[in-house]
**Q** 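This is the structure I have questions about; it appears just below.
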Number of protein chains: 2
Amino acid sequence: MEASAKKLAEQLSAHGYKLTRQRRAILAVIASSEGHLNPAEVYERAKADCPQIGLTTVYRTLDILAKLGTIKRVHFDGGCHSYAPASRGHRHHLVCTGCGCVVEFEGGDLSALLEAVASQTGFKIEDHWLQLFGKCPACRDGS
Amino acid sequence: MEASAKKLAEQLSAHGYKLTRQRRAILAVIASSEGHLNPAEVYERAKADCPQIGLTTVYRTLDILAKLGTIKRVHFDGGCHSYAPASRGHRHHLVCTGCGCVVEFEGGDLSALLEAVASQTGFKIEDHWLQLFGKCPACRDGS
DNA sequence: GTACTTGCAAATAATTTGCAAATAT
DNA sequence: ATATTTGCAAATTATTTGCAAGTAC
C-alpha cells in the first residue's frame, strides 16, 4: 500500500472501522486515482487487488468515506455520484472537462462575497460549495 | 397563467417547442415554486392543473428546460436531481437548509479568484459553479 | 395535415437491504 | 471471542424507451 492510501486507512481506523482487505483495495484505488470515480469504476479497479469484492461493499465504503470527509462528491450535470479524495480543510475541486482529472485548490478568499450575499438576502450562510471546470494543461494543448 | 410562467413559456416556443397543456402546467409549477423540486414533486403538483399528465412527460420537459437554461439543477449531497428556475445571465443559487427555498444572487466578482487558480494550476478555466447553503430569514428566526 | 408530443407499460439502470458466513481486532 | 463486515440475491427506486394515439400549429 502506498503512502497516500495508508493515510486514508488511518482515518478509517481512527474512527473505529476495521481495515479489511476490501477497504484497503478501495482506498488504494482512490488514492491513486487522478480523477473522479463512480462506484462502478471503483469496483472494477478494486477487483484487481481483491477479486472477491462486491459492489455492495464499494457503496458502503464510499458512504463511510464520504461521511468522514475522506472523499468528496464531485458534482456536475452529467452525473453526481463520483468521488475524489479530499484533503483536510476547506478545499475546492477543479475538474478537467477533457480527461476528467480533478485537482484541488485553496479556496481563495470568498468571505467578502459571502458577507455581501448574507446582507443582501438576510440568509445566514453556513456553507459554500465551489467547483471549477476547465481544461488541464495536457488537454489544453493536446486537442 | 401568471406572468412568470408566461415568460418561461415564451422561451419554449421561441425554440420551436409546442405549448401543450402539460408543458404549461409544468412551467406554472416551476414558476410558482419557492424552492427546488425534483421530478416526482413537479409531477405531483402539475397534476392539479393537468390530471392526465404522466411522469414521463415531466422528465422529458425538465430535460428540455434544463437544456435551454430555463431551469438549473440544484446540487447538494442529499440529492442532485432537483431543479429551480434560472434567470438569464450567470447567477448562483443560495439554498436554505431549513425549508429548501432557493434564492438567486449575483455572482459577485470571482474573476480574481479564477485567474489565481488558472495561473496556479495551468488550467484554462471554462466555467464555474458556486452554490451557497444557509438559513433563510424565516428559518433563521423560527427554529 | 403533419410533425411533434403524449401516456402507458415495459425495459433498464442504480442503489439499498436482509441475512448467514467470514474476519479484524 | 465477538462485534463488525462481507457477498449474494432480492427488493426497491429512479430513469429511459418504444410505440400507437392524441394534439398544437
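Model, not experiment: these values are computed from the prediction.
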**Q** Taking all non-hydrogen atoms of both residues, which atom of Tyr17(B) and which atom of Arg23(B) are closest, and how far apart?
**A** CB-NH1, 3.7 Å

**Q** List in numerical order all residues of residues 37-55 of chain A for which some heavy atom is under 4.0 Å away from an atom belonging to DNA chain D.
**A** Gln52(A), Ile53(A), Gly54(A)

**Q** Apply side chain to side chain contact (heavy atoms under 4.5 Å, CB included) to residues Leu62(A) and Tyr43(A) and explain how you reach the verdict.
**A** CA-CA 11 Å; Leu62(A) 291 176; Tyr43(A) 173 61; over 6 Å; no

**Q** Which of residues 57-67 of chain A have a heavy atom under 4.0 Å from DNA chain D?
**A** Thr57(A), Arg60(A)

**Q** What's the spacing between Lys6(A) NZ and Arg24(A) CZ if we round to 0.5 Å?
**A** 9.0 Å

**Q** Report the distance from atom CZ of Arg23(A) to atom P of dT23(C), rounded to the nearest whole Å.
**A** 14 Å

**Q** May I have the distance from His81(B) (atom NE2) to dT16(D) (atom P), rounded to whole angstrom?
**A** 9 Å

**Q** Nearest to the side chain of Thr20(A), which nucleotide is it out of dT6(D), dC25(D), dT4(D)?
**A** dT6(D)

**Q** For Thr121(A) versus Pro137(B), what's the shortest heavy-atom pair and its separation?
**A** O-CG, 3.7 Å

**Q** Hey, does the side chain of Gln22(B) come within less than 4.0 Å of dG7(C)'s phosphate (OP1/OP2), counting only N and O?
**A** yes

**Q** To the nearest Å, give me how far apart NE2 (His15(B)) and C1' (dC4(C)) are.
**A** 17 Å

**Q** For Leu19(A) and dT5(D), what is the distance between atoms CG and P respectively, to the nearest whole Å?
**A** 10 Å

**Q** Write down the distance between CD (Glu10(A)) and P (dA24(C)), rounded to a whole number of angstrom.
**A** 19 Å

**Q** Applying the side chain to side chain contact (heavy atoms under 4.5 Å, CB included) criterion to Ile53(B), which one of Thr20(B), Val42(B), Ile26(B) satisfies it?
**A** Ile26(B)

**Q** Take atom CG of Leu27(B) and atom C1' of dT5(C), then tell me their distance rounded to the nearest Å.
**A** 15 Å

**Q** Tell me, do Cys80(A) and Arg73(B) make a side-chain contact under 4.5 Å, heavy atoms counted?
**A** yes

**Q** If you assign Tyr17(B) and Tyr17(A) each to the DNA chain D nucleotide with the nearest heavy atom, which residue ends up on the more 5' nucleotide?
**A** Tyr17(A)

**Q** Quick one: Arg21(A) CZ to dA24(C) P, roughly how many Å, whole number?
**A** 10 Å

**Q** Under the rule for side-chain contact (heavy atoms from CB on, under 4.5 Å), what residues qualify as partners of Glu104(A), not counting sequence neighbours?
**A** Ala86(A), Ser87(A), Arg91(A), His93(A)

**Q** If we ignore angles and hydrogens, is there a donor and acceptor under 3.5 Å between the side chains of Gln22(B) and Thr61(B)?
**A** no

**Q** Identify the two heavy atoms, one from Gly134(B) and one from Phe123(A), that lie closest to each other, and give their separation to 0.1 Å.
**A** C-CD2, 4.1 Å

**Q** Nearest whole angstrom, please: distance from the P of dA24(C) to the CZ of Arg24(A).
**A** 9 Å

